[in-house]
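This report concerns only the one structure given below.
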Amino acid sequence: MNHPIIAGHAAVRAALRNPARYSSDLQGDRDVRTYKQLPLEVDPPLHTAYRAILTPLFSMDRVAGLAPAFRQQADGLLSELAEQSSFEVCRELALEMVVRCLGIVLGRPGDVDEWRSWGPDVWITTPQGRSGAHLQAYLESVFAEVAVQPGQDAFSVIDQARPDGQPLTAQEKYGIANIILAGGRDTVVKLMTGFIWHLARTPADLQWLASDRSRIARAIDEMVRWLSPLPMMERIDREPETPVPAAESAYVWVSFASGNHDPAVFASPESVDLQRHPNPHLGFGGGPHACIGNLIAKAETRALLEALFDSGAAWRVASESIDWAQFGDSEVPGRFHSVDVEWTSAPRFSGKS
């Protein structure tokens, strides 16, 4: 889609804070779904009502309470992988960690096998192109289930929500659940894969980070900045400089990646600097649509890193298949197809968690 691009840290941040001009009232991924992701693809004040449904699921207190369970999943996963001499990071480590944690976050541990089967990208690529049929079939099934037998899981919460005193429509329920599953998987898989890949290639950073866990928070922010797992997003410009036909919308791309690699804001943006501070990155967006799940993403990543560090493991890249992207002068992994690593010092565990 050949839209104009809003680029650079200042311009991107200003656009994110100006929903009156740069509207989110659109439907993205038009090749794989027929409804909006909510609350992502509506503007305030409607956005606020939808977001309030999800806020309790992703609050700071709830994330803090889930952290021990995330760590247990990380320990168990690494214990399993320690029995192998090598493994593929994207699917066997990152994806596995994310879907297991998603089972905890959403209260649906029995659905982990289903989510795993979709692979690292929720929009499965078929010979005919991308497909969202598997995700839609899952959503229809799960909402039919909770309508008859509600529980304490996230989909029951959505099903029972009454933001304006009225039940949500099926399309609204699908839109809210869709963003949880699409946004809560793929970008975190990329973040974890990129982090493990970087530490395998940069032993000095691994040693520096493992020696002081208080450094992890800044390091995660730096990897989010550098990788920019979601590089850009669509908006509609309500005040385009060049008029468009009345029947059309003036779509633009807001480039988070260009803001994260803006040399006017970040010294040597092409380099990973785990000590970078301050780090006003835009990797989780900004303004009213700032990523609601960013605390979950950070907590899952921290749990995995701490489990690796506590295990005493070391690892190196055996082979990799990566598509690279150019953001200004920065060459950054755009997509990890595979990163095969082998233990040089295997994790030590007394038993599986």
With sequence neighbours left out, what residues match Asp159 under side chain to side chain contact (heavy atoms under 4.5 Å, CB included)?
Phe143, Val146, Ala147, Lys173
Looking just at side-chain N and O atoms, do Glu270 and His261 make a donor-acceptor pair shorter than 3.5 Å?
no
Short N-O contact, Arg218 and Glu222, less than 4.0 angstrom:
no
Shared hydrophobic cluster, Tyr174 / Leu26 (ILVMFWY, side-chain heavy atoms < 4.5 Å):
no
Side chain to side chain contact (heavy atoms under 4.5 Å, CB included) assessment of Ile296 paired with Phe58
CA-CA 7 Å; Ile296 293 287; Phe58 300 104; 3.6 Å; yes
How about Asp323: does its CG atom have over 12 heavy atoms from other parts shown lying under 6.0 Å from it?
yes
Once rounded to the nearest 0.5 Å, what's the spacing between atom CZ of Phe87 and atom CG of Asp340?
9.5 Å
Given the ring of Phe256, does Arg235 sit roughly above its face, with NZ or CZ under 6.0 Å from the centre of the six-membered ring and within 45° of the axis?
no
Would you tell me whether Ser214 and Asp212 have side-chain atoms, one donor and one acceptor, within less than 3.5 Å of each other?
yes
SB check Arg30 Glu234 (cutoff 4.0 Å)
yes
Do the non-hydrogen side-chain atoms of Glu41 and Asp25 ever get within less than 4.5 Å of each other?
no
Assign the ring pair Tyr138 / Phe155 to parallel, tilted or perpendicular, where the plane angle (0 to 90°) is split at 30° and 60°.
perpendicular
Does any donor atom in the side chain of Ser268 or Ser271 lie under 3.5 Å from an acceptor atom in the other side chain?
no
State yes or no: do Leu168 and Leu46 share one hydrophobic cluster built from I, L, V, M, F, W and Y residues joined by side-chain heavy-atom distances below 4.5 Å, directly or via other members?
yes
Candidate pair Val98 and Asp186, rule side chain to side chain contact (heavy atoms under 4.5 Å, CB included), full reasoning:
CA-CA 9 Å; Val98 168; Asp186 301 3; over 6 Å; no
With a 4.0 Å cut-off, would you call Glu342 and Arg316 a salt bridge?
yes
Below 4.0 angstrom, N of the basic side chain to O of the carboxylate: do Arg185 and Asp121 qualify?
no
Sorted by first residue and then second, give each side-chain hydrogen bond (donor to acceptor under 3.5 Å, both in side chains) pair with at least one member in residues 14-23; sequence neighbours left out.
Arg21-Asp237, Ser23-Asp43, Ser23-Arg238
